[in-house]
J.: 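Just passing along the structure, written as structure tokens.
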Protein chains: 2
Amino acid sequence: MYFHFLLLALLFIFPATLRSEDGSQLWLRFSKQVKPVGTIQVIKGKSTDVTLALAKQELECYWKGGDVILKLDPSRKDLKDGYQISQHENQVYMIAGQSVGILYAVYHLLRLQETGAGIPRSGLVEIPAYDIRVLNHWDNLDGTIERGYAGHSLWNWEELPNKLSPRYEQYGRANASIGINATVLNNVNASSDLMKTDYLKKVKALADVFRKYGIKVYVSINFSSPQNIGGLTNSDPLNQEVKRWWKSKVKEIYALIPDFGGFLVKANSEGQPGPQDYGRTHADGANMLADALSPYGGTVFWRAFVYHPTKDDRAKQAYQEFVPLDGQFRDNVILQVKNGPIDFQPREPFNPLLGAMPNTAKMLEFQLTQEYLGFSNHLVYLAPLFKEVLDSDTYANGKGQTVSKLTDNRGHLGRKTAIAAVSNIGLDTNWTGHHFAQANWYAFGRLAWNNNLSSVQIADEWIRMTFTGVQEFIDPIKKLMLESREAAVDYMMPLGLHHLFAFEHHYGPEPWGDIPGGRPDWMPWYYHNADSVGLGFDRTVNGSRAVTQYNPPLNKIYGNISTCPENLLLWFHHVSWNYRMNSGNTLWTELCFRYDHGVQKVREFQKVWDRMEKYIDRPRFLAVQAKLRIQARDAVWWKDACLQYFQCFSRQPIPYELERPIHNLEELKKIKLPMGHHN
Amino acid sequence: MYFHFLLLALLFIFPATLRSEDGSQLWLRFSKQVKPVGTIQVIKGKSTDVTLALAKQELECYWKGGDVILKLDPSRKDLKDGYQISQHENQVYMIAGQSVGILYAVYHLLRLQETGAGIPRSGLVEIPAYDIRVLNHWDNLDGTIERGYAGHSLWNWEELPNKLSPRYEQYGRANASIGINATVLNNVNASSDLMKTDYLKKVKALADVFRKYGIKVYVSINFSSPQNIGGLTNSDPLNQEVKRWWKSKVKEIYALIPDFGGFLVKANSEGQPGPQDYGRTHADGANMLADALSPYGGTVFWRAFVYHPTKDDRAKQAYQEFVPLDGQFRDNVILQVKNGPIDFQPREPFNPLLGAMPNTAKMLEFQLTQEYLGFSNHLVYLAPLFKEVLDSDTYANGKGQTVSKLTDNRGHLGRKTAIAAVSNIGLDTNWTGHHFAQANWYAFGRLAWNNNLSSVQIADEWIRMTFTGVQEFIDPIKKLMLESREAAVDYMMPLGLHHLFAFEHHYGPEPWGDIPGGRPDWMPWYYHNADSVGLGFDRTVNGSRAVTQYNPPLNKIYGNISTCPENLLLWFHHVSWNYRMNSGNTLWTELCFRYDHGVQKVREFQKVWDRMEKYIDRPRFLAVQAKLRIQARDAVWWKDACLQYFQCFSRQPIPYELERPIHNLEELKKIKLPMGHHN
């Protein structure tokens, strides 16, 4: 009897689900079925269709329900690469127009199984919101990753094309499981070398792996490649030789990779070459490449992230440069626009370009890698940020024209639609450095598929698949995730503050940052404008006039201090320290409370997490615990740095009821982290 | 009118008392009187008496009351070096048997003036509790100070005897103002060189400065000096040549310094030479020196701080070694006993030697320099620690025999009494590194004069003199000071834990500390004994039996887990993790709450201090603020290190309502501070 109790106790203490995990399986922690319950039948698929075979195999391995019939029906073009699932008695039917649609349906079914959800009685139809759902890797050919915080690049260029890492398959499967169907392999600050035949063969090897998972390969190109590796005297897009060079190069690529996706281009931005070097426009450059790709169905993603060290507000420049070009781009060019007008800050208003250029295809660029959000040390669930942007009403032609509606398949010009995110993936065992950063990869894929999903839904299914289905774990962790982005905004840059980051590496605060002779638009003071009067960037009609780039009534709403949302207040206004906020606090006091609130939130996250110890495996518990500790320290660092620096201007005490700084400003100013762009 | 308001406003914002200060004036911030009110008259003093002249001058400069009559009356031997003050109408009378008594009375009067107190109607008589009130400087001849955290040594040996720093006078005056009348100039780990004639001339120069302030000079000697600098073959205290060498050396010293105080000796301790090197006893060694000093009225302070790397409990060894020698020491030998049986820990029980050896003169040794209390970074007001020891009942011959009664002028054998403290003074402008560490110097002086004073009284007068008489400042700061030692105990070593310090430098926690092959009694595990069962050092009759060194009933009280005071629990007992404390918590939970409480207290101190900004000058406000921030960080460091280390043994969670650790144990273990013994 005693022995039995002991056994029971042991089972209770070490439930089977608590086996050690390293995060390498991501959200795909399916357990193999021991004994098949039903049969998996494929209808109308070719026996040579590797994608269909994969779909079938996944079910055979992991599906624990009854019979499943997979039916490929090329006539169902309405489904695009989506699918339809229905259930009759114990039998599941899947229909898709493309074999990758069947694969997506299979992952949908397995997700339902793993999260304990069922197929709705009426069945379900899933058609993706965007045609191209693409990850941008900022991976360099030397294996480093710009803004990478999860180890070196997955792509082992030295070993390619002869040796294929098993992680390429795992990468393909993970992306297919959330509907990502495109990848840009290399950094937008691109090396021309990738256009060399040797490298193209390596790209082909990867494309061959990814094809089975429905993923098309794209590359970032260096606009000066014709000169750099082609031996031409210039790279002028109107130069016939240049055009010929690109046409020939594209032909070579498609000979190797018949389903090659196309090019991503960062041109005339932050020192990169581009058409403006020859007095040409962005449209001239993009169209030249588009013409080369067009015969093969390829696409150009042309980045709108441009700004110059001029006197005018950096936030206005992309709009100024691109709006005049509206309507001039080829049909297979999509303008890739960062979600905000500056650069992936913890909070920005949506980029006004997204509400302009009605005759140009535009796509969003999000950033999964947390360049401005604590690298892979801070737990920041980004779905709420993505949703905030997608749901923003641009008021282009009246109310209801949200960013999502203007960029997804609903609103577009019959051209391809796309959505991109800068990857947070590296060679780390758990792929993303922080176990919870996997949720951002996951959330991007899910939203790229269906931008109507809520942050809550996505978090819920991710937690269930990644950790456990125990409600006592799911509820607090979901709450934590949903609050995490706002917490980061609070301890880093509340109320619309932005770009107070340390120079170059962007880890940690440096609101005092200044480099004599450096570009003003790379200096924090350019953005915060702290002075004895107040704080913030006056972008009203009395200031930089950036508000005028927003459609009415947003221009008025943002431009008026009393109607501007407080979470963007210092983005649009230079606000007096004693300005009365909605809370009744002055700006200074509110700022203090916000920073403090961010710190307290992270400490609360720590408490929440530590209580979860018994629900999950120890290695992941400890890893996240360790990261949260760093985050808690960093939050205090941010608070102490920013409040004490701004206090030099406000000349007011931090409210005495708040926890006091533990760092001295002069010490903080001395911190210089040995970090660069690349990790 | 407007102009007047402005002027008033300015006066309000910058009151005269808020002039910048650097702490160099200590508690002697008297403002010069502009116009004398009364006359200062000296009766019966010799015109050549520099001490009397100084006393008169101090009054003439700073006394703002009426006439004062200073009367030297050598017949009043009952007053010792004390004094009597009375007031008749507007005239103050001071009487003393020695001219230094007049000086002390003058500082008393000025203290009353500065603190806003008056002379009691019945007058006052002050007779010191101890004859010798001595600072021990652990200053080396190269200018470094062992365990010094306030800059290098005040004594500029290179410039002496020709050049005299003005700080020597200031040092003398500061000590005189609180009744300190003796100083040991050099480190107990002593260089023999100080006995060389060249150095003795330097000592003489200092003695000549300090004489005016009633301060006698002592030196620490190296027991091997006869060999090291005398050319003898040994330093055996029974060797006639050795005796002769010391007699001759003492004669030389008194020829230079007729009022030389005597020697402090650390012998056969931590590698220092001593009589045991020749098979002699501590008594043999001490008596040999005492015999040399005796003709001139000199005294030997013989330290009882001895321990060896034996199997027996270090806490027991001084007692074991000295008790058999009771009654064997000459009348001019005083056994100098550290307040606790280990080594100046944040909390120790009183040293059992203090309740033993009835036929031996004993004196307390306190430590002002915060070797084990956060150096000059932590604000720890030590008067409560001193009082705790002084008020401890030793039960030697029954109840009421407190440590103070056994060591001060009430209880002694007709021999000289003394009390010592290791100095916290250095070349720093503010003398002690931390502005509040001045309070410990002050408190030691005041308690050495009158051990009946309370920690509250001393803090009150120190704050009034050092900072301000504004009640809004005094009340919270006094509370803070009084709570500060307990806070430090809580965040460092609550419940009787001890010696968890980092190796050698003793700054910060290292409970895991272990050096393969190192002395066990220098390792933290030797003291905390953490294991899967519990925590603490079993010193009961079932353990090391250290409790038996305490007189009944203390041996039983300490030896019984249910009667042992909880603040010494882990000093005397190895306690089970689940032992139920008085609070109802288990030991583990209580430990967590204690550490957390320490952290929260320091954060509270920060809040209290920051609210004081308007009451004091900015430089000192900022300096203390900066130190409190370090203390707040260190407190968390201590908590995280100790709790997480002990958690490896308790295997229990830190109560989830408590703030979570922000450091990972493995990171903390890597911290190695570049510090040594000397600073």
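All values below were derived from every heavy atom in this structure, side-chain atoms included, with hydrogens, water molecules and symmetry-related copies excluded. Throughout, a chain's letter reflects where its sequence line sits, starting with A, and its residues are numbered from 1.
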J.: Determine, using ring centers only, whether Phe467(B) and Phe473(B) are less than 6.0 Å apart.
T.: yes

J.: Using a 3.5 Å distance criterion without hydrogens, assess whether the side chain of Ser484(B) forms a donor-acceptor pair with backbone atoms of Tyr381(B).
T.: yes

J.: Take Glu486(A) and Arg594(A), measure what salt bridge (charged side-chain N to carboxylate O under 4.0 Å, His left out) needs, and give me the verdict at the end.
T.: CA-CA 10 Å; Glu486(A) 208 60 40; Arg594(A) 286 274 128 225; over 6 Å; no

J.: Tell me, for Leu622(A) versus chain B, whether the close heavy atoms (under 4.5 Å) come from the side chain, the backbone, both or neither.
T.: neither

J.: Could you tell me how the ring of Trp609(A) sits relative to the ring of Phe621(A): parallel (under 30°), tilted (30 to 60°) or perpendicular (over 60°)?
T.: parallel

J.: Go through Arg611(B), Glu659(B), Glu657(B), His663(B) and name the one with the most non-hydrogen pairs under 4.5 angstrom from chain A.
T.: Arg611(B)

J.: Between His378(A) and Tyr491(A), does the ring centroid distance fall short of 6.0 Å?
T.: yes

J.: Between Glu604(B) and chain A, which part of the residue has a heavy atom less than 4.5 Å away: side chain, backbone, both or neither?
T.: neither

J.: Not counting sequence neighbours, which residues clear side chain to side chain contact (heavy atoms under 4.5 Å, CB included) with Asp531(A)? List them please.
T.: Val533(A), His574(A)

J.: His506(A): which residues meet the ring pair (Phe, Tyr, Trp, His ring centres under 6.0 Å) condition with it, sequence neighbours left out?
T.: Tyr372(A), His499(A)

J.: Measure distances from Glu666(B) to the heavy atoms of chain A and classify the residue's part below 4.5 Å as side chain, backbone, both or neither.
T.: neither

J.: Among residues 631-641 of chain B, which residues come closer than 4.5 Å to chain A, judged by heavy atom distances?
T.: Ala632(B), Arg633(B)

J.: What pairs with Ser650(A) under side chain to side chain contact (heavy atoms under 4.5 Å, CB included), at least two apart in sequence or on another chain?
T.: Trp577(A), Trp588(A), Gln647(A), Gln652(A)

